[in-house]
Structure formats: structure tokens, C-alpha cells
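Structure, as C-alpha cells:
Heavy atoms only: backbone and side chains are in, while hydrogens, waters and symmetry mates are out. The chains referred to below are lettered A, B, ... by the order of the sequence lines, with proteins before strands, and numbering in each begins at 1.
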There are 2 protein chains.
Amino acid sequence: MTDPSPGTDATAVNALLGYRLRRAYAAMMADFAEVFAPMGLRTSLLAALLLIESNPGIIASELGATLAIKRANMVPLLNELEAAGLIVREPAPDDRRATALRLSPKGQAKLPEIKRRLADHEARFASRMTAAEYALLMDLLGRLQEDAGEHGDQSPKG
Amino acid sequence: MTDPSPGTDATAVNALLGYRLRRAYAAMMADFAEVFAPMGLRTSLLAALLLIESNPGIIASELGATLAIKRANMVPLLNELEAAGLIVREPAPDDRRATALRLSPKGQAKLPEIKRRLADHEARFASRMTAAEYALLMDLLGRLQEDAGEHGDQSPKG
DNA sequence: TATTGTTATACTCTATAACTATA
DNA sequence: TATAGTTATAGAGTATAACAATA
């Protein structure tokens with residue numbers, strides 16, 4: 001299962017940035033699932049946990065906007081984290097429509113181990129390049145995710 | 001919708017390679033959909049078309065293995081391409097279990113315009129970096145998608 | 001016994017519409 | 001009127017199990 005088909009010419013797709021992104025992302029997702037599926041954690045749940053830790057009291061809609069997850073899709077996600085006892089939902093102090101999110105004591109207790117496994121997971125891929133290459137990769141991925149549309153032509157040409 | 005929340009500290013997730021990959025991939029998918037959804041094309045359909053063009057007569061299971069798409073999931077995908085009149089399924093000459101795939105005349109006629117739009121789409125993102133940066137990015141993404149598992153410790157250290 | 005194509009099925013992610021209660 | 005949370009729903013991607021025909 002290493003080489004899919006030596007006789008197949010895959011250059012047409014391998015030359016595509018979008019295709020390489022997809023395959024690289026899939027590889028990291030597979031490793032992530034291997035590590036965190038036994039704990040019942042998926043990427044969206046873990047990302048929410050990390051941001052709630054860094055931003056205690058953050059409201060659900062703000063968390064969703066930061067993670068690019070629609071409000072409607074945040075609900076079952078937060079339900080899951082709450083049912084697992086990792087977070088608590090509180091009424092927001094300044095807005096009675098909103099829900100403020102915090103880690104529960106159990107969530108705080110579990111985060112160190114989660115972060116350790118996450119760091120191992122990340123290192124498993126970062127170790128395939130030099131520190132300089134890694135820094136540039138993070139920078140370039142950041143440029144790709146920026147919204148370039150709606151501004152006309154601002155690209156200074158490469 | 002450019003800045004989700006200026007008051008939110010997102011460094012915990014922005015420091016993750018997996019998260020940056022996800023966001024960069026999502027940005028390219030959004031642009032891809034804007035271009036190709038009106039034509040009824042999705043990434044999997046387009047990738048299949050490109051590989052069938054480069055590998056006329058390729059059998060379905062080999063195409064699936066190359067694209068990392070399970071055989072069971074290839075069936076509705078090929079049904080869709082066939083129903084759209086873009087490909088034809090033929091009996092494989094050497095194996096009566098297999099199905100050989102080829103572009104139909106209509107598929108061949110449509111591919112040039114598809115490739116043009118695809119190149120524009122790709123250039124919209126590649127233009128955000130220098131040629132050298134682009135080359136390194138493609139290389140690094142290729143390293144990430146390689147199966148590093150099952151070999152023990154072969155990483156030469158960065 | 002293993003593989004190819006296929007069907008059926010299930011789960012996750014994502015997207016939209018509509019409702020309520022607040023603002 | 002606009003927003004926060006919620007519900008319901010639908011589409012796409014992905015995964016496994018099982019079957020018939022063939023290798």
C-alpha cells in the first residue's frame with residue numbers, strides 16, 4: 001500500500017497545489033485519528049478545547065468564527081465536549097443571548113496529556129524538514145488561507 | 001468576515017501545522033468550488049478526469065488506489081462522470097473482472113477549457129509566493145504525505 | 001484464496017433555512 | 001433590524017461489510 005500503482009502516471013494531479021494540500025492534510029488526519037480517536041477526540045473538538053483554554057469565557061459564536069465553523073455546527077460539537085465533562089457552558093455576563101465557554105476542572109486536568117500527544121503528532125511531520133523549511137511552510141500556508149478575493153489586484157507579483 | 005475576532009487569541013491553533021493545512025486547503029476548496037461548481041465538477045471528479053486522460057484504459061481500482069479513494073466510493077463517482085457523458089467504461093481486455101476507463105469524445109472536448117480554469121485557479125494561489133517558495137512548498141507537502149510509519153527511525157534529523 | 005466491481009450503510013463535516021430570545 | 005443559540009435537514013467525503021464474477 002505504499003506505492004499505489006507504479007504504472008500509473010500521476011503527474012497531472014501531483015503538479016497541483018490543491019491536490020498536494022489534500023494529500024498532505026489527509027496524511028496528518030490519519031495520524032491524528034490514530035492518536036486521538038481512542039480518546040474520543042477529533043480535530044474540531046481538540047481545536048475548540050485549545051481555544052477555550054486560551055480564551056476563557058469566549059462565547060460560542062466567536063469560537064465558531066475563529067475556527068471557521070458555522071454556529072449551527074458548533075452546537076453538537078459543544079454538546080459533545082460538555083457531555084464528556086471537558087467544558088462548561090455559562091451565561092455570558094454582558095449578553096443574555098450568548099453562552100460563555102470554559103474548561104471544566106476535568107478538562108483542565110486532561111489538557112496536559114492531550115497537548116503532549118498533540119506535540120508528538122506534530123513533531124512526527126515537522127521532523128521531515130529543517131526548522132527553516134518548517135517556518136517557511138507555516139508562512140506559506142498562512143498566505144494561502146488569506147482571503148485574496150474582493151480586493152482587485154494587489155498581488156505584487158512573485 | 002476577514003478577521004473573525006480581533007480579541008480572540010488563536011495562537012494555540014495557528015501554531016499547528018495540521019490546522020494551517022486545514023485552513024489553507026479550505027481556502028483552495030472554496031475557490032475551486034466557485035470556479036467548478038457551476039460546471040458540476042468537484043475535486044474528485046476533476047482528478048479522475050485528469051488521470052483517465054493521462055492513463056487511457058486505466059482500470060477503476062487502479063485509479064482509486066492512485067487517488068486514495070476506496071473502490072466502493074469510486075462507483076458513484078464514475079457513474080456521475082459516465083452519466084455526464086465525459087467518460088466511457090469498457091471491459092478490460094486482459095481481466096474480465098475489471099473495467100477500463102477512457103475519456104469520451106465529449107470529455108476530450110471539454111478538457112482544454114477545464115484545464116484552463118484549473119490553471120487560473122492554481123495561479124491565484126501560487127501567485128502569493130515566489131517560484132522558489134512554490135517549489136519548496138510542493139516538495140514539503142510531498143514529504144508530509146509520505147508514509148513515514150512502519151519503518152522505525154529513518155529520519156536523518158533536520 | 002484474493003481481487004474487481006458493486007450495493008448498502010453509517011459517520012463526520014459542511015451548508016442552509018427557520019425558529020426563539022435577546023440586543 | 002440584527003445577532004446568539006438552537007433545531008432540522010441535506011449534501012459530500014469517507015469508512016466497513018458483504019456479495020457475485022473472475023482471477
Side-chain angles (χ1 to χ4, degrees), chain A residues 1 4-5 18-19 21-23 25-30 32-34 36-37 40-48 57-83 87-101, chain B residues 1 4-5 8 18-19 21-23 25-30 32-34 36-37 40-48 57-82 87-101:
Chain A
M1 271 207 202
S5 287
Y19 184 78
L21 271 178
R22 172 184 179 272
R23 297 300 296 264
Y25 180 61
M28 288 203 71
M29 285 308 93
F32 185 98
E34 211 172 296
F36 290 104
L41 281 180
R42 303 187 303 282
T43 53
S44 51
L45 298 173
L46 183 38
I58 189 174
I59 70 173
S61 64
E62 198 172 316
L63 178 59
T66 305
L67 289 175
I69 298 176
K70 295 263 186 293
R71 296 166 298 287
N73 298 326
M74 288 298 299
V75 178
L77 195 154
L78 295 174
N79 286 346
E80 202 173 338
L81 289 176
E82 194 180 37
I87 68 165
V88 291
R89 283 197 254 217
E90 304 170 348
D94 54 324
D95 189 336
R96 289 193 304 183
R97 297 171 301 180
T99 309
L101 306 169
Chain B
M1 268 208 208
S5 288
T8 303
Y19 184 78
L21 270 178
R22 172 184 179 271
R23 297 300 295 263
Y25 180 62
M28 287 203 72
M29 286 307 95
F32 185 98
E34 212 172 295
F36 290 104
L41 281 180
R42 303 187 304 282
T43 54
S44 51
L45 298 173
L46 183 37
I58 188 174
I59 70 172
S61 63
E62 197 171 317
L63 178 59
T66 305
L67 289 175
I69 297 176
K70 296 263 187 292
R71 296 166 299 287
N73 298 326
M74 288 299 297
V75 178
L77 195 154
L78 295 175
N79 287 346
E80 202 173 338
L81 289 175
E82 194 180 38
I87 68 165
V88 291
R89 286 196 249 215
E90 304 169 349
D94 55 323
D95 188 336
R96 289 194 303 183
R97 297 169 302 177
T99 309
L101 306 170

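- Straight-line distance from the CG atom of L45(A) to the P atom of dC11(C): 16 Å, rounded to whole Å.
- Applying the salt bridge (charged side-chain N to carboxylate O under 4.0 Å, His left out) criterion to E90(A), with sequence neighbours excluded, gives R102(A).
- Taking atom CD1 on I59(B) and atom P on dA2(C), their separation rounds to 18 Å, with Å as the unit.
- Taken to the nearest 0.5 Å, the CZ atom of R42(B) stands 4.5 Å off from the CG atom of L45(B).
- For the atom pair T99(B) OG1 and I58(B) CD1, the distance stands at 12.5 Å (nearest 0.5 Å).
- Taking the ring pair (Phe, Tyr, Trp, His ring centres under 6.0 Å) definition, one finds that F36(B) meets it with F32(B), sequence neighbours left out.
- Between the CE atom of M29(B) and the CZ atom of R22(A) there is a distance of 9.0 Å, given to the nearest 0.5 Å.
- The minimum heavy-atom distance linking A72(A) with P76(A) is given by the pair O-CD, 3.5 Å.
- Counting to the nearest Å, the P atom of dT16(C) and the CD1 atom of I69(A) are 15 Å from each other.
- With sequence neighbours excluded, the residues satisfying salt bridge (charged side-chain N to carboxylate O under 4.0 Å, His left out) with R97(A) are D95(A).
- For E82(B), the side-chain contact (heavy atoms from CB on, under 4.5 Å) test picks out I87(B), R89(B), with sequence neighbours left out.
- Remark: Y19(B) pairs with R23(B) by the side-chain hydrogen bond (donor to acceptor under 3.5 Å, both in side chains) rule, at least two apart or across chains.
- Summarising the geometry of E80(A) relative to G40(A), their closest heavy-atom pair is OE2-O, 4.4 Å, with the distance given to 0.1 Å.
- Straight-line distance from the CZ atom of R22(B) to the C1' atom of dT12(C): 12 Å, rounded to whole Å.
- Mapping heavy-atom proximity under 4.0 Å, the span of DNA chain D touched by chain A runs 5' to 3' from dA2(D) to dT14(D).
- Across all their heavy atoms, A100(B) and G57(B) have their closest contact at CB-O, 3.5 Å.
- The phosphate of dC13(C) (OP1 or OP2) has a side-chain N or O of R42(A) nearer than 4.0 angstrom.
- Residues from residues 72-80 of chain B with heavy atoms under 4.0 angstrom of DNA chain C, sorted by number: A72(B), V75(B).
- Between L101(B) atom CG and M74(B) atom CE the span is 7.0 Å, to the nearest 0.5 Å.
- Partners of A48(B) according to the side-chain contact (heavy atoms from CB on, under 4.5 Å) rule, which considers only residues two or more places apart in sequence or in another chain, are L63(B), L67(B), L77(B), L81(B).
- Scanning residues 87-100 of chain B for heavy-atom distances under 4.0 Å to DNA chain C yields R89(B), R97(B), A98(B), T99(B).
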*Which string of ( ) [ ] | and . matches DNA chain D, if you list each base 5' to 3' and count Watson-Crick or G-U pairs only when both distances are under 3.5 Å?*
|||||||||||||||||||||||
